[in-house]
Amino acid sequence: MKTFPVIAGALMATAAQAETLTVYTYDSFTSEWGPGPAVEAAFEAECGCDLEFVAVGDGAELLSRLKLEGARTKADVVLGLDTNLTAAAEATGLFAPHGVTGDWTLPVDWADATFVPYDWGYFAFVYDNTKVSNPPKSFAELADSDLSIVIQDPRSSTPGLGLLLWVKSVYGDKAGEAWASLNDQVVTVTKGWSEAYGMFLEGEADMVLSYTTSPAYHLIAEEDASKSAAAFSEGHYMQIEVAGKIASTDVPELADQFLAFVGSDAFQSIIPTTNWMYPAVTPAAGLPDGFSTLIQPEKALIVPAAKADAVRDAALTEWLAASAK
Amino acid sequence: MTRTTTLGALALGVVVCLTLGTLVAVAWRAEGAGGFGPADWAAIRFTLWQAALSAALSVALAVPVARALARRRFPGRGILITLLGAPFILPVIVAVLGLLAVFGRAGILSQALIWAGLEPVSIYGWHGVIIAHVFFNLPLATRLILQGWLAIPAERFRLAASLGFAPSDIFRVFERPMLREVVPGALLVIFLICLTSFAVALALGGGPRATTVELAIYQAFRFDFDLGKAALLALVQFAMGAGAALIAFRVAIPGGMGGGLDRAVTRWDGGGWLVVQDVLCIGLAALFLVLPLSMIVARGVPELMSLPGSVIEAAGLSIVVSLSSALLCLSLALPIAALAVRRGSALVEGVGYLTIAASPLVIGTGLFVVVFPIMDPFALALPVTALVNAAMALPFALRALTPALAGIETNFGPLADQLGLAGWARFRRLWLPRLRRPLGFSGGLAAALSMGDLGVITMFADPQTATLPLQMYRLMGAYRMDDAAAAGLLLLSLSLVIFWIFDRGGRVDADA
């Protein structure tokens with residue numbers, strides 16, 4: 001959800017000489033119910049600075065925004081890219097190494113010197129189990145069903161890009177044909193995750209591309225067990241979300257401090273019940289209760305970060321060709 | 001004399017730089033860009049066929065509505081015809097929100113269908129784009145065609161009645177020839193308008209299936225930061241616009257904004273079931289136009305008092321942008337009109353009309369390419385928006401000002417010359433008082449169009465800057481539909497009020 005706490009934050013900053021750390025992120029991160037407010041309060045208490053979140057659409061738009069702004073960018077830290085974009089982001093030359101060592105509890109080993117992971121999850125189609133009684137168990141079943149879905153544009157949204165690579169990982173050379181049959185289900189392609197999830201909740205579609213962890217939000221925050229994620233037999237694509245420091249920042253120490261904070265328990269314990277993802281370091285208190293009810297994919301799929309850019313380009317061409325018809 | 005030439009040349013220079021200059025910048029940047037992929041060709045095809053279909057549907061539906069309005073007189077007819085002019089200054093994004101409330105899957109039409117045991121409809125995709133275009137252009141087409149009908153002299157109908165013409169005879173003898181004259185122009189105007197459709201496709205297109213070239217330019221720019229691709233698409237967009245505009249100039253275009261349409265010719269035909277048909281046509285058209293806007297009002301009013309601060313801030317920016325745009329537009333239009341009248345030059349006026357073929361996103365791309373190496377383009381978001389909006393309103397301003405100024409010069413020019421009334425004095429003593437009406441009208445139009453514009457601002461805005469239409473679009477993106485409706489209501493009111501103030505201002509003190 002796009003809120004603009006930025007302006008309010010700037011107005012309330014009474015200590016005029018306090019340094020400001022500007023963090024570009026995606027819009028749902030800064031929403032009232034997202035991690036933004038809690039992270040801001042926790043970090044500002046630690047740094048004695050002013051943390052300013054700037055919401056820039058969805059994750060993939062963050063990267064194009066940076067390319068547009070180039071070295072002139074006002075961002076000190078960018079939070080919200082994922083491993084599908086890290087190679088392309090690094091190629092811009094705008095990022096600096098982080099030097100953070102964390103006790104990551106990620107399902108993969110982490111050795112990226114430029115980006116700090118902050119959470120991870122599996123993409124999945126989420127549906128209302130009071131309306132959809134027989135959810136699809138694979139892409140093929142979804143394509144054969146009469147269920148409508150909302151997806152996100154892979155050019156602007158990291159879930160959209162995740163789906164693109166998910167389909168590519170499952171279907172390989174046949175991905176174009178798979179899209180051609182899946183497209184009958186697609187009501188619309190939104191710019192970002194927030195739009196799509198909002199449309200799903202308003203009843204504009206039967207299913208929405210989101211995460212296996214999304215039902216936990218409804219379960220824990222709303223005590224509503226009506227949302228489920230459909231388990232696909234082909235496996236689920238994994239997303240690891242990352243943050244990185246902009247090389248041209250005028251507050252490098254503050255940026256380093258923030259990235260170290262990202263790996264700390266204070267930050268990580270906020271993530272599960274605000275960003276509704278698995279934390280990159282399991283908090284001391286463990287995961288919240290509702291998380292044990294979530295589906296566990298039989299198989300995790302991911303394209304290695306180094307290859308993601310090339311695979312993305314090929315998959316994007318196929319998707320555009322299939323979807324433009 | 002010389003001042004007219006200098007100022008006129010200066011204004012023409014600005015227009016040429018904005019249209020052809022940006023095009024050159026874009027073309028220079030497009031060099032080395034790869035060719036088009038299938039999605040780009042799809043966008044070009046979609047742009048052309050949706051514009052053609054939108055034009056055909058709007059005109060086809062407008063014919064019976066215009067005929068009904070020409071044939072009937074009823075209380076509120078004048079207001080209805082005036083209202084048909086309103087979509088012209090209606091912010092696109094407001095209309096889109098209203099159409100969603102009616103035709104969306106959660107909208108009232110779908111609710112009715114579900115209630116009747118049928119499948120709900122979805123507005124996303126090409127049909128949503130077409131519905132929105134018909135919503136905007138059905139009223140325009142109706143007004144254009146109605147003018148054709150009202151231009152048929154009353155005496156003809158009198159004669160037809162005395163000869164005992166059936167409705168089919170009237171159609172054959174009067175209406176068909178009239179339509180053959182009026183319809184091509186109406187089709188072309190609407191085709192041209194739909195060719196540059198951006199905000200509608202952005203909000204309702206639903207992905208690559210329904211992407212216009214304008215939207216593809218935005219995507220190449222914002223999603224891929226592929227300036228070469230954006231530039232190449234911009235060239236295609238300009239070529240399509242220029243082609244359609246050239247054809248349009250060759251076809252007689254009926255005047256679009258004329259007043260005094262309320263004179264109903266006395267008619268003796270059209271009794272019986274034709275009454276039912278006419279009532280249905282007028283009723284359905286009015287419902288189609290009024291319902292979406294009523295939904296905005298109904299949903300927006302309760303939230304109006306609790307609008308987020310960001311919306312108020314955006315409204316303030318929009319007012320500034322819109323007033324600047326009106327001022328800029330008049331500062332361009334007056335010198336061009338003066339030069340055109342002084343020189344009697346159709347070429348001068350023709351250059352002023354260049355922006356009809358230009359597209360805001362093409363100009364935006366060009367300005368970005370030019371500005372980027374020198375300074376931060378995002379710092380210029382608001383000035384660029386005001387300038388591009390002014391350029392887009394220029395043809396309408398010229399159309400209002402040039403004939404009026406020509407009339408003044410014909411009637412009072414020789415006397416003013418004898419009196420030695422020249423330069424600033426001539427402008428202040430002779431032109432200004434007599435140009436108040438067209439100045440007020442075109443200033444109001446420029447201000448209202450700028451107020452509602454959601455185009456070039458989407459390219460240049462940084463996350464913390466937004467005009468009211470952009471802020472409203474962002475609220476829609478966050479699915480805060482109640483807030484969006486309230487912002488839409490505010491936007492709609494501001495557009496209408498700012499037009500009214502200008503237009504009214506032009507009429508104060510006017511000779512009775």
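Chain naming here is simple, since letters A, B, ... match the order of the sequence lines and numbering starts at 1 in each. Every value quoted in this text rests on a predicted model; they were computed, and no experiment measured them.
At a 4.5 Å heavy-atom cutoff, Ala60(A) makes no contact with chain B through either its backbone or its side chain. Both the backbone and the side chain of Phe221(B) come within less than 4.5 Å of a heavy atom of chain A. Heavy-atom distances place the backbone of Met375(B), and not its side chain, under 4.5 Å from chain A. For a residue to count as touching a neighbouring chain, one of its non-hydrogen atoms must lie under 4.5 Å from one of that chain's; by this rule Ala196(A) does not touch chain B. Ala220(B) does not touch chain A: none of its heavy atoms, backbone or side chain, sits under 4.5 Å away.
Here Ser64(A) contributes atom OG and Phe223(B) contributes atom CZ; the two are 7.5 Å apart, rounded to the nearest 0.5 Å. With rounding to the nearest 0.5 angstrom, the CG atom of Asp224(B) is 7.0 Å from the CG atom of Leu316(A). Once rounded to the nearest 0.5 Å, the distance linking CG of Leu100(B) with CE of Met199(A) reads 8.0 Å. How far CZ of Arg474(B) is from CD of Glu195(A): 11.5 Å, rounded to the nearest 0.5 Å.
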Give the intermediate values and the outcome of side-chain contact (heavy atoms from CB on, under 4.5 Å) for residues Phe378(B) and Arg65(A). CA-CA 11 Å; Phe378(B) 300 105; Arg65(A) 183 84 218 171; 3.1 Å; yes
Test side-chain contact (heavy atoms from CB on, under 4.5 Å) applied to Arg155(A) and Arg222(B), step by step: CA-CA 9 Å; Arg155(A) 294 168 294 178; Arg222(B) 280 304 281 264; over 6 Å; no
Under the side-chain contact (heavy atoms from CB on, under 4.5 Å) rule, what do Phe368(B) and Leu68(A) come out as? Steps first, then yes or no, please. CA-CA 10 Å; Phe368(B) 192 96; Leu68(A) 274 171; 3.8 Å; yes
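Salt bridge annotation for Asp206(A)-Arg105(B): present, with a cationic side-chain nitrogen under 4.0 angstrom from a carboxylate oxygen.
Ranking Ser156(A), Ala321(A), Ser148(A) against chain B, the residue ahead of the rest is Ser156(A), based on heavy-atom pairs under 4.5 Å. Ranked by heavy-atom pairs under 4.5 Å with chain A, the list Ala42(B), Gly37(B), Ala39(B) is led by Ala39(B).
Below 4.5 Å, heavy atoms of chain B meet heavy atoms from Asn183(A), Val186(A), Val187(A), Thr188(A), Val189(A), all part of residues 182-190 of chain A.
Within the structure, side-chain hydrogen bond (donor to acceptor under 3.5 Å, both in side chains) pairs that include any residue of residues 308-321 of chain A comprise Lys168(A)-Glu318(A), Trp319(A)-Ser323(A) (at least two apart or interchain). Applying the salt bridge (Lys or Arg N to Asp or Glu O under 4.0 Å) test to pairs two or more places apart or on separate chains, none has a residue in residues 118-132 of chain B. Within the structure, side-chain hydrogen bond (donor to acceptor under 3.5 Å, both in side chains) contacts touching residues 35-49 of chain B (residues at least two apart or in different chains) are Asp40(B)-Lys229(B).
Inter-residue side-chain proximity for Lys67(A) and Asp226(B) is flagged as unmet; no heavy-atom pair is nearer than 4.5 Å.
Of all non-hydrogen atoms in Ile374(B) and Arg72(A), the two that sit nearest each other are C-NH2, 4.2 Å.
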